[in-house]
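Here the structure comes first, spelled out in structure tokens, and everything after it is commentary.
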Amino acid sequence: MSLMLFGLLGVMLVFMFVNTRKRQKMMKEQQEEKAAKTVPGVKVLLQGGLYGTVVSYDPVDLDKPAQIEIAPGVVIEVHSQAILRLVDDNEQTDVAAADVVAPVADAPAQDRTDGIESIKVETPEETKARLERNDEN
């Protein structure tokens, strides 16, 4: 009986070892593929949820930080493994469309010559009056 248990334990250990090796091999292939496709100019998603464009990336030395441009003229350094995945242009536009916020009814757009809605800036007195009106209701 105990011999059969040791045999079953041995089979389970061999299965676990083979499965772990297979998973490590697959992860290494995916990492190498991502490193090969990550070139300057490619849009990426970082693990923190930020989207950006690769400025520099070293696929050989993964300990060297990658430089990512998250806004025009704003370049940050991140660990090269912080790049979660490469982003398609279609996915980027879908996310950008979902982030659009409807204009606030209290602050209508006054000037649309540049394609960007103007935002009415409140003075401290106007802010105080608005907050007092909200407290009364």
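From a predicted model like this one, the values you see are computed outputs, not experimental measurements. Along the sequence shown, the residues carry numbers beginning at 1.
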### Query
Which pair of non-hydrogen atoms, one from Ser80 and one from Lys64, has the smallest distance, and what is that distance?
CB-O, 3.8 Å
### Query
Would Lys37 and Glu33 count as a salt bridge (charged side-chain N to carboxylate O under 4.0 Å, His left out) if you check the C-alpha gap in whole Å, the side-chain angles of each, and the deciding distance to 0.1 Å?
CA-CA 6 Å; Lys37 289 182 180 179; Glu33 180 182 340; 3.2 Å; yes
### Message
Pair Gln24, Lys28 - check side-chain contact (heavy atoms from CB on, under 4.5 Å), show working.
### Response
CA-CA 6 Å; Gln24 286 177 344; Lys28 186 175 181 179; over 6 Å; no
### Task
Tell me whether Val55 is reachable from Val39 by hopping between hydrophobic residues (I, L, V, M, F, W, Y) whose side-chain heavy atoms are closer than 4.5 Å.
no
### Query
Residues two or more places apart in sequence or in another chain: which of them pass side chain to side chain contact (heavy atoms under 4.5 Å, CB included) with Asp63?
Asp61, His79
### Query
Where do Ile68 and Gly52 come nearest, in terms of heavy atoms and distance?
CG2-CA, 3.7 Å
### Any Lys34 side-chain heavy atom under 4.5 Å of Gln30 side chain
no
### Closest heavy-atom pair and its distance - Gln31, Gln81
NE2-NE2, 3.3 Å
### Minimum-distance pair of heavy atoms, taken over all atoms of Val87 and Val44
CG2-C, 3.6 Å
### 4.5 Å side-chain heavy-atom contact, Ile76 and Leu46
yes
### Task
Go through the steps to decide whether Val42 and Thr53 satisfy the test side-chain contact (heavy atoms from CB on, under 4.5 Å), and finish with yes or no.
CA-CA 6 Å; Val42 172; Thr53 305; over 6 Å; no
#### Entry: From Leu84 atom CG to Tyr51 atom OH, the distance as rounded to the nearest 0.5 Å
9.5 Å
### Query
Would you say the side chain of Met27 lies within less than 4.5 Å of the side chain of Arg23, judging by non-hydrogen atoms?
yes
### Query
Shared ILVMFWY cluster between Leu13 and Leu5, side chains joined below 4.5 angstrom?
no
### Considering all heavy atoms, the nearest Tyr57-Thr38 contact
CD2-O, 3.5 Å
### Query
In this structure, are over 12 heavy atoms from other groups packed under 6.0 Å from Leu3 atom CG?
no
### Query
Heavy atoms, side chains only, cut-off 4.5 Å: are Met4 and Leu8 in contact?
no
